[in-house]
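Here the structure is laid out as structure tokens; the discussion comes afterwards.
What you are looking at is a predicted structure, and each value in this text was computed from that prediction instead of being measured.
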Amino acid sequence: RKPMPGLTPDQKGWKIKDALWGSPRLAAHFELVDRHIAALRNAMALARATGRQLIMPKMLCLCERSESPFALLPSCTITGSSTRLPFVCPLESIFDVVRVEKLWAKTTDEPNGYLQLRPWTMLNSSIHRPPQPNLAFEPSKTTTVSWSSRGWVRPTAEHGAVATYAQGSQQLPLRVQLPRGLSDAQFTQALTELGVSDARLLHLESAEAIFGGFESTAAGKVFERNIASHLLGGWSATWCCTSWDKPHGTLLFKRPLPLATGMAGRATAWMPDGTPCSDERCAAP
């Protein structure tokens, strides 16, 4: 393990660039969480587009947080702690929870809140007992959405059987494949045409580079405003600290680039397999 570089002149810790150089684990943590945030933004967009609640993923971290850099760096585990890396991040390890809760605050414009987030433990009925007569969520009876560089693929049972429905609920796990980069309207249309729009639980197999954007410019602006203010605003999406001088020892995770809107948010080749692509949706950008 290489030694940490020299301290700042005030002896309160390290400059950010020096801490990242001296702790490869901290640098790897930032690369990983940057990807978490980008993927989470996409999943939130799809949840908003479909009017669903979003169950937060288990996000893994490679570095704890501490106001004392000397108790944390370069190992990324607090002195004396028993934390094993990687670990499942608590939400407050990355985000300002008070800000995030504003996403589902009821307002005049959004009487039900803009977007409801649920903890990943929501799928554990021993922790979150579902209200009757609803049944517990069963991971084996979800509709999994995976992503393809081709057009969408019709639903098939994961074990090779034909998918069936009874009394509005799925009896077999379904898997559908959609092309990456669909807009909100394309995504909801695809779910409808594939017959899975009413699935109780959609599981996104991944969420990196999957969403094109909102076709409504106004909807896109509202989404970006909510993300910038409630998910990424203030001291949210930051890590502390490389120095006791917190303003100079706090790192910001990367903010995803804004999503496209209008026709720019639509996938350019999204027709079902075997269907000729002959309209403006398939034209080269």
Side-chain angles (χ1 to χ4, degrees), residues 31-60 86 88 115 117-124 136-165 168-215 223 256-257 259-260 265-277 281-282 285:
E31 292 179 4
L32 179 60
V33 176
D34 286 343
R35 295 177 63 182
H36 287 332
I37 292 174
L40 177 61
R41 188 277 307 270
N42 291 337
M44 292 172 67
L46 291 182
R48 173 66 183 182
T50 55
R52 291 173 174 267
Q53 298 179 358
L54 177 65
I55 298 177
M56 294 287 287
K58 289 183 180 180
M59 295 185 290
L60 297 180
V88 177
L115 177 63
L117 303 183
R118 298 290 189 178
W120 59 265
T121 53
M122 184 77 178
L123 299 180
N124 187 332
F137 290 110
E138 297 182 42
S140 63
K141 295 182 179 180
T142 67
T143 296
T144 298
V145 180
S146 57
W147 310 97
S148 169
S149 58
R150 303 179 303 161
W152 59 54
V153 179
R154 296 290 171 184
T156 58
E158 291 180 336
H159 302 295
V162 176
T164 60
Y165 291 80
S169 62
Q170 297 164 203
Q171 290 186 330
L172 289 176
L174 293 179
R175 175 179 292 274
V176 298
Q177 279 191 337
L178 299 177
R180 294 178 180 273
L182 295 183
S183 68
D184 58 331
Q186 289 176 318
F187 183 76
T188 54
Q189 180 184 347
L191 295 183
T192 299
E193 294 195 13
L194 293 173
V196 295
S197 58
D198 293 331
R200 187 179 183 203
L201 185 65
L202 292 177
H203 170 238
L204 303 181
E205 197 165 67
S206 65
E208 290 189 88
I210 61 167
F211 185 61
F214 291 89
E215 294 195 17
F223 178 79
L257 294 174
L259 293 165
R266 294 174 66 88
T268 57
W270 67 298
M271 304 301 289
D273 287 345
T275 302
C277 194
R281 293 174 298 181
C282 309

Considering only heavy atoms from C-beta outward, does the side chain of D184 approach that of E215 to under 4.5 Å?
-> yes
From [X] [atom1] over to [Y] [atom2], what is the distance, rounded to the nearest 0.5 angstrom?
{"X": "L115", "Y": "F223", "atom1": "CG", "atom2": "CZ", "value": "7.5 Å"}
{"X": "I37", "Y": "M44", "atom1": "CD1", "atom2": "CE", "value": "11.0 Å"}
{"X": "L202", "Y": "T142", "atom1": "CG", "atom2": "OG1", "value": "8.5 Å"}
{"X": "Q189", "Y": "L194", "atom1": "CD", "atom2": "CG", "value": "10.0 Å"}

All pairs passing side-chain hydrogen bond (donor to acceptor under 3.5 Å, both in side chains) where residues 36-59 contributes a residue, at least two apart =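 Counting only pairs at least two positions apart or across chains, the side-chain hydrogen bond (donor to acceptor under 3.5 Å, both in side chains) contacts touching residues 36-59 are R48-E110, Q53-R118.
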Give every residue pair that meets the side-chain hydrogen bond (donor to acceptor under 3.5 Å, both in side chains) criterion with at least one member in residues 204-214, sequence neighbours excluded.
->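 side-chain hydrogen bond (donor to acceptor under 3.5 Å, both in side chains) check on residues 204-214 returns R35-E208, R175-E205.
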Mind listing the closest non-hydrogen atom pair of [X] and [Y] along with its distance?
{"X": "A190", "Y": "L182", "result": "CB-CD1, 4.4 Å"}
{"X": "L60", "Y": "V88", "result": "CD2-CG2, 3.9 Å"}
{"X": "W147", "Y": "P179", "result": "CE3-O, 3.9 Å"}
{"X": "G265", "Y": "Q186", "result": "O-OE1, 4.5 Å"}
{"X": "F187", "Y": "L178", "result": "CE1-CD1, 3.5 Å"}
{"X": "A38", "Y": "P256", "result": "CA-CG, 3.9 Å"}

Residue from V145, L174, T144 passing side-chain contact (heavy atoms from CB on, under 4.5 Å) with V196 = L174
Any chance you could lay out the side-chain contact (heavy atoms from CB on, under 4.5 Å) test for L40 and M56, step after step, and finish with the verdict?
-> CA-CA 8 Å; L40 177 61; M56 294 287 287; 3.8 Å; yes
For L46 and I210, run side-chain contact (heavy atoms from CB on, under 4.5 Å): C-alpha distance rounded to whole Å, both residues' side-chain angles, the deciding distance at 0.1 Å, then the answer.
-> CA-CA 10 Å; L46 291 182; I210 61 167; 3.6 Å; yes
